[in-house]
2 protein chains.
Amino acid sequence: MEKLTIKDIARLADVSTATVSNYLNGNYSRMSEKTRKRLEDMIRETNYVPSSVARGLATNHNKTIGVSVADITNPFTSTVLSGIYDACGKLGYTVVFTNASSDSTREIDNVNKLKHQEVSGLIIDPVDAENAIFKTLSNDSTVMIDRQAAAVKIDSVVTDNYNAVNKFVGNMKKSGYIDEDLYFISWPLRNVSTRLERYRGFKTATGIKDDSHLILVDDSGDDQYFISQIKQIVDRKRSGKVGFFTMNGRVLLHLLKAMQALNYRYPDDVGIGSYEDLDWMEIIQPGISCIHQDSFNLGVTAVNTLVRKLEDEKTKHFVPQLIEVPTMIKMRGSY
Amino acid sequence: MEKLTIKDIARLADVSTATVSNYLNGNYSRMSEKTRKRLEDMIRETNYVPSSVARGLATNHNKTIGVSVADITNPFTSTVLSGIYDACGKLGYTVVFTNASSDSTREIDNVNKLKHQEVSGLIIDPVDAENAIFKTLSNDSTVMIDRQAAAVKIDSVVTDNYNAVNKFVGNMKKSGYIDEDLYFISWPLRNVSTRLERYRGFKTATGIKDDSHLILVDDSGDDQYFISQIKQIVDRKRSGKVGFFTMNGRVLLHLLKAMQALNYRYPDDVGIGSYEDLDWMEIIQPGISCIHQDSFNLGVTAVNTLVRKLEDEKTKHFVPQLIEVPTMIKMRGSY
DNA sequence: CTGTTAGCGCATTCAT
DNA sequence: ATGAATGCGCTAACAG
C-alpha cells in the first residue's frame, strides 16, 4: 500500500488541493454539495488519511500533547495515564509519553525534550513540583497533576488531600481513638504537596501542633529503626489502641511488614487507615479502610482543562487554578 | 523565546542552510574544520534544536515508535512500558502511547491510528495476538510483546512461560505434592498464548492429559461457583495437601479471597504458587512463592530488536523470531 | 464556489 | 568545501 497524498485525491476528484484541504478541515461552505460528495466518496474509497506530520508543519499545531509522569510503575500513575489517553482519544489528540522514574533530573530532560518535540500542550505529573524548569512553561499550554507547587503558577489537578484525611482521621476519632494515640506515617515530606497536605489534614483532625506524631519511612535500607519506633509507640499508648494512618499504599506495606515482625494484628492490637486504594487492600484479611481516589478522572480532568486552554483562541494568559477532584472513603474494618 | 530555524543558524554562521543541515546530520566531511566549529558554537549559544516535525516531513522517518499496550493499568504492563521508554530514550526515539483497555476493538483503532501517525516502528502488547489487524503489519517495522500469535509472523518478545511453570510445579512435586492434587487456576484460556503456555508447563510437570485440573475464574460476577469448586477439590484431596498454581497475580487474588471465605490457610491447609511477582506478595503473611518476570527487560528487549530492524537498511524481510526472556523463581513459603 | 501560490523547517541533489 | 534550488504534504491567504 503506497501512501496517497492530498495531491492524489485532488487529481482523482478533479479539484485543487486547496479544496481537498478545505474538505478535510470541515470548511464545507467553501465548496458545492456535489464536490463535497465526490471528495467524501473518494476519500472513503481510497482510505486516504492526511499526514499529520505535514499538517503539523503547516499549522504549527499538531494535536499531540506531551506527558511527563513521575513514575509509570506506580499504580496511581498508570491509572492517571489511562485517563489521559482516553480523554485525548476522544478529543482527537495523540499522546507522547515520557517517564521520569522518580528522578528530578530526568524530569528536566523530559520536559525539554517535549518542548522541542513541538507538542501542542503539556501534562506533567511532577517528581518535584518546585523544579525550576516549570517556570519556563506557560500556563497557556500546560497543566500539572497530583502534586502542586507552593505557589501555583500552572493549573494543577489534584485530589482533595487535606479534606479527605481530615475527614478520615475524624472518623477514626469518632470510633474511639484519641488524639494522643493517632500517628501519621509517611515518606519524608520533602516539600511534596501531597504529603504535606495529607499531613496537614491529619494535624487538623487531631489538633496536634508539633511533629511528634509524624513517623517517616523510605524504601531504601531496612526498616529496623522504623520497626522499633512502631513498637515504642504501641508500648507507650495512652488509651486502649493506637491508630496509624499511612500516606499511601507503599508506606502501608512497610507498616504491615513491621507489624508482622512485631507480631501485632489489626484491628485488635492497632488500628490502620491509609490513603490510596490498591486491589490487594480489599483481599487481605481484614481489608484496609482507606481513601480511594479517582485517578482515572484526574487524568481526564487534566486533559479537558488543558485542551480547553489550547483551543480557546481569544482568551490567553489564564489565571492559574487549583482543581480538586473528590475522593471516597472505603470502610473495610482495619480500625 | 522565539523559535529559531535552520535559516537563522545559517545566517548567523554565514553559511547556507545546506551546510547547517549537513552539520546536523554529522556529515562533517562536507565542510571545513572552521565552519564546523563555528556551527558548533552557534548552535550551542543559541540553544537551537531542529524541528523534528519538519525533519520528519523531509525524511519520512521521524524517530518515534508507536506503542499499543493491552492494559496500562496492569502492573506488568506499566513496567514493560517503563523499559520501552528507557530504551527508546537511549536510542533517541520518542514514544507515542496508546492503550487498548483490554478491548480488542480499541486495539484495532490504536494500531490504525499509529500507522497513520507515521511512526517509524510499532511495539504491540496485544489484547488478542490473533487479531487480523496484525496481518497488515510488516515484520520489518514492528515487534510484539508478551503474547504471541499461534503462527508467529512478527518478532515476539515473551517470557519463558512454559519452562518456568514446568520447573516451578516440578519443585512443588519435589516437596511432596502429588500430581492428582495439583491444580492450575487461570482466566479463561481464550487462545491467549501466555495462559496456554503456562498451562502447558503445568500439564507437562504433572503429566495430566485432560483438563480436569484446570480451574477458571474471571473478574466479572461473584466467585460463588469458583469458591465451591475450591472447596470440593480440597474436600476430595487424595494426599495430605492440595497445591494450587495461579496464572497471575489477579487470579491469585481471587484464590486468596476464596480461601478466606472458606477459612483455609496456606501453607497448612493448601499450598500456593503463582506466576507474576507483585509487591504485596512478599508482604502478606506468609509471602507467596512465585515466578518473577523481568518485565522491564521485556520492554528494553522489544525496543532493541525493533530499532535494530528499523536501522538496518540493507537486509529487510527478516524472518520472524520468538525471543524468550528468562524468569526467576522466588521462594517465600506459601507451599 | 474554486484554483493559484507561497510558505512551514528541513534534507538533498546538483552546481560551483 | 559550499550554496542554490527543489520538494516533503499540507494550510492559508489571495485571486478569480
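In what follows, every chain begins at residue 1, and chains take the letters A, B, ... in the order their sequences are listed.
One finds a side-chain N or O of T35(A) lying less than 4.0 angstrom from the OP1 or OP2 phosphate oxygen of dT2(C). Look at T19(A) and you'll find a side-chain N or O under 4.0 angstrom from OP1 or OP2 of dG3(C). Within the 4.0 Å cut-off from OP1 or OP2 of dA1(D), not a single side-chain nitrogen or oxygen of R30(B) is found. The side chain of Y48(A) contributes an N or O atom lying less than 4.0 Å from OP1 or OP2 of dC10(D). Close to dG9(C), at under 4.0 Å from its OP1 or OP2, lies no side-chain N or O of T5(B). Using a 4.0 Å cut-off, no side-chain N or O of N22(B) falls inside it from OP1 or OP2 of dA11(C). Contact annotation: S51(B) does not reach the phosphate of dG9(C) (side-chain N/O to OP1 or OP2, under 4.0 Å). The side chain of S32(A) places an N or O atom within less than 4.0 Å of a non-bridging phosphate oxygen (OP1 or OP2) of dT2(C). Taking side-chain N and O atoms only, K7(B) has a distance below 4.0 Å to OP1 or OP2 of dC8(C).
In this model, a donor atom of one side chain and an acceptor atom of the other lie less than 3.5 Å apart for N62(A) and S120(A). Of the N and O atoms on the side chains of E118(B) and S51(A), at least one donor lies less than 3.5 Å from an acceptor on the other residue.
Taking atom CD of Q117(B) as the reference point, atom P of dC10(D) lies 14 Å away to the nearest angstrom. The interatomic distance linking N27(A) (CG) with dC10(D) (P) rounds to 16 Å, in whole Å. Rounded to whole Å, atom C1' of dC8(D) lies 13 Å from atom CG of N62(B). Taking atom OH of Y23(A) as the reference point, atom C1' of dC10(D) lies 17 Å away to the nearest angstrom. Distance CE (M31(A)) to P (dT11(D)): 12 Å, rounded to an integer number of Å. Atom-to-atom, CG of N25(A) to C1' of dA12(D) comes out at 10 Å; the value is rounded to the nearest Å. In this structure, R38(B) places its CZ atom 8 Å from P of dT2(D), rounding to the nearest Å. Atom NE2 of H116(B) and atom P of dG9(D) are 15 Å apart (whole Å).
Side chain of N99(B) to main chain of S82(A): no donor-acceptor pair is present (N/O by atom type, distance under 3.5 Å, no hydrogens or angles).
Residues D312(B) and K309(B) are not paired through a salt bridge, judged by the lack of any N-O separation under 4.0 Å between the basic side chain and the carboxylate. Here R106(B) pairs with D86(A) in a salt bridge; the nearest charged N to carboxylate O distance falls below 4.0 Å.
Distances from the side chain of V15(B) to the nucleotides dG3(D), dT2(D), dC10(C) place dG3(D) closest. Proximity note for A58(A) (side chain, C-beta onward) versus dC8(C), dA11(C), dC10(C): the nearest is dC8(C). The listed nucleotides are dT2(D), dA12(D), dA11(C); the one nearest the side chain of R55(B) is dA11(C). Of the candidates dC10(C), dA1(D), dG9(C), the closest approach to any side-chain atom of L57(A) belongs to dG9(C).
Residue order along DNA chain C, read from the 5' end via each residue's closest nucleotide, puts T59(A) first among T59(A) and T59(B). Take the nearest nucleotide of DNA chain D for E33(B) and for A54(B): the residue whose nucleotide is more 5' is E33(B). Heavy-atom nearest nucleotides on DNA chain C were determined for S52(B) and for A18(A), and the one closer to the 5' end corresponds to A18(A). Heavy-atom distances to DNA chain D give each of E118(B) and T17(B) a nearest nucleotide, and the one nearer the 5′ end belongs to T17(B).
One finds the CG atom of L4(B) at 8.0 Å from the OH atom of Y48(B) (value rounded to the nearest 0.5 Å).
Across all strands, D8(A) comes closer than 4.0 Å to no nucleic acid atom at all (heavy-atom distances).
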